[in-house]
Amino acid sequence: ALTLAEVALREGNIPKAKKIMDMIEPSREKMKLPHAAAYDYLMGELARQAGKKDEAKHIWKELTTSPDDLYRAKARFALTMLQMSSKEITVDKAIDSLEGLRYAWRGDDLEVSINYNLAKVYLDKGGPVKALTLMKLAHSLNPASEQGKQIDPDMRAVFKGLVPADKNNSLNT
């Protein structure tokens, strides 16, 4: 049921996700740690998508101290991105948080997301070389994934922007 709720949230189907989460809720207190942390994280995501950002922040903030490594990292990542988008934290504070997450979580698409989003933050801050380095790392972790396929053209565009336009320059081809 948690997987179905996550799929519904990835599709942006809030009513379906809410219905599934409501069915799971009576069992929440009996869940073992990984499932309870997953439930809480998804409730935060449901709140965020429903426009209840304060509720999402509250849920994710509590999860950032969870003993569950995966959902502690996911919550910290989601909380940082939400706080940054709503201008509650500075870009430098977001960079600090995301840089810490780079070392806190390794080995799957969450690592790809962390590195890719950190690259975008560096790019917005005016650090294209650092952004390219992180994009390359993120892409190399899972180039065949949907996110990997998205990173490749973004990386090329950033690189093209660094190279002066010159008809004789073979790098622009």
Side-chain angles (χ1 to χ4, degrees), residues 1-14 16-18 20-21 24 31-50 53 55-57 59-86 89 91 93-125 127-159:
L2 289 168
T3 302
L4 291 174
E6 185 174 0
V7 168
L9 287 167
R10 286 185 184 187
E11 294 172 345
N13 190 337
I14 296 169
K16 183 177 181 180
K18 181 163 177 22
I20 295 167
M21 295 301 284
I24 302 170
M31 290 180 187
K32 294 189 188 266
L33 178 62
H35 296 106
Y39 175 86
D40 293 344
Y41 174 79
L42 293 173
M43 286 302 292
E45 180 58 21
L46 180 62
R48 184 193 69 79
Q49 287 189 27
K53 292 180 181 181
E55 185 179 328
K57 285 187 278 188
I59 292 168
W60 289 335
K61 194 171 277 190
E62 285 190 14
L63 264 176
T64 62
T65 60
S66 169
D68 185 273
D69 293 338
L70 173 61
Y71 287 98
R72 183 177 59 245
K74 280 185 152 194
R76 193 165 141 204
F77 176 60
L79 181 60
T80 299
M81 298 308 293
L82 182 58
Q83 288 175 323
M84 191 180 74
S85 70
S86 60
I89 60 173
V91 170
K93 185 88 170 158
I95 287 172
D96 287 346
S97 179
L98 294 173
E99 284 285 1
L101 275 171
R102 287 183 59 212
Y103 300 100
W105 190 259
R106 302 262 180 167
D108 63 10
D109 283 340
L110 179 57
E111 183 181 8
V112 174
S113 293
I114 292 166
N115 283 297
Y116 181 47
N117 281 283
L118 180 56
K120 291 192 287 187
V121 174
Y122 273 116
L123 191 58
D124 290 344
K125 188 178 178 187
V129 174
K130 181 72 173 178
L132 275 172
T133 303
L134 288 165
M135 283 182 185
K136 182 178 179 187
L137 172 64
H139 183 264
S140 71
L141 293 169
N142 195 352
S145 71
E146 287 304 312
Q147 198 167 28
K149 291 174 187 173
Q150 179 183 355
I151 294 169
D152 189 50
D154 288 353
M155 194 168 40
R156 290 175 193 275
V158 171
F159 183 75

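Remember, predicted model here, so these are calculated numbers, not experimental data.
Side-chain atoms of Gln49 never come within 3.5 Å of backbone atoms of Ile14 as a donor-acceptor pair (strictly under, hydrogens ignored). Remark: the backbone N or O of Arg76 is not paired with any side-chain donor or acceptor of Trp60 at under 3.5 angstrom. Checking side-chain atoms of Glu99 against main-chain N and O of Ile95 turns up no donor-acceptor pair under 3.5 Å.
Rounding to the nearest 0.5 Å places NE2 of His35 at 10.0 Å from CG of Asp68. Distance check: Asn13 CG to Leu4 CG gives 11.5 Å after rounding to the nearest 0.5 Å. Annotation: the span from Thr65 atom OG1 to Leu63 atom CG amounts to 7.5 Å, rounded to 0.5 Å. Between the NZ atom in Lys130 and the NZ atom in Lys125 there is a gap of 11.0 Å [rounded to 0.5 Å]. Atom CG in Leu137 sits 12.5 Å away from atom CG in Leu132 (nearest 0.5 Å). The distance from atom CG of Asp154 to atom CE of Met135, rounded to the nearest 0.5 Å, is 5.5 Å.
Looking at every heavy atom in both residues, Tyr39 comes nearest to Ile24 through CD1-CG2, 3.8 Å. Closest non-hydrogen pair, Ser66 versus Ala37, comes out as OG-CB, 4.4 Å. Annotation for Leu98 and Val121: closest pair CD1-CG2, 4.2 Å, computed over non-hydrogen atoms. For Ser97 against Thr80, the heavy-atom pair with the smallest separation is OG-OG1, 2.7 Å. Residue Ala56 comes nearest to Gly44 through the heavy atom pair CB-O, 3.2 Å, listed as atom of the first residue, atom of the second, then distance. Looking at every heavy atom in both residues, Leu134 comes nearest to Ala119 through CB-CB, 3.7 Å.
The pair Lys120-Asp124 does not meet the salt-bridge criterion, since no charged nitrogen lies less than 4.0 angstrom from a carboxylate oxygen.
Among the candidates Lys149, Gln150, Arg156, the single residue satisfying the side chain to side chain donor-acceptor pair (under 3.5 Å) test with Asp152 is Arg156. For the side-chain contact (heavy atoms from CB on, under 4.5 Å) with Leu141, the lone residue among Asp108, Ile151, Val112 that qualifies is Val112.
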Can Met155 and Phe159 be said to form a side-chain contact (heavy atoms from CB on, under 4.5 Å), step by step? CA-CA 6 Å; Met155 194 168 40; Phe159 183 75; 6.0 Å; no
Go through it in stages, so that I can follow the logic: the residues are Asp69 and Arg72, the test is salt bridge (charged side-chain N to carboxylate O under 4.0 Å, His left out), and I'd like the CA-CA distance, side-chain angles, deciding distance and then a yes or no. CA-CA 5 Å; Asp69 293 338; Arg72 183 177 59 245; 2.5 Å; yes
Could you walk me through whether Glu62 and Asp40 pass side-chain contact (heavy atoms from CB on, under 4.5 Å), step by step? CA-CA 9 Å; Glu62 285 190 14; Asp40 293 344; over 6 Å; no
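At a threshold of 4.5 Å between non-hydrogen side-chain atoms, the residues Leu70 and Trp105 count as touching.
Under the side-chain hydrogen bond (donor to acceptor under 3.5 Å, both in side chains) criterion, the residue pairs touching residues 132-144 are Asp109-Asn142, with sequence neighbours excluded.
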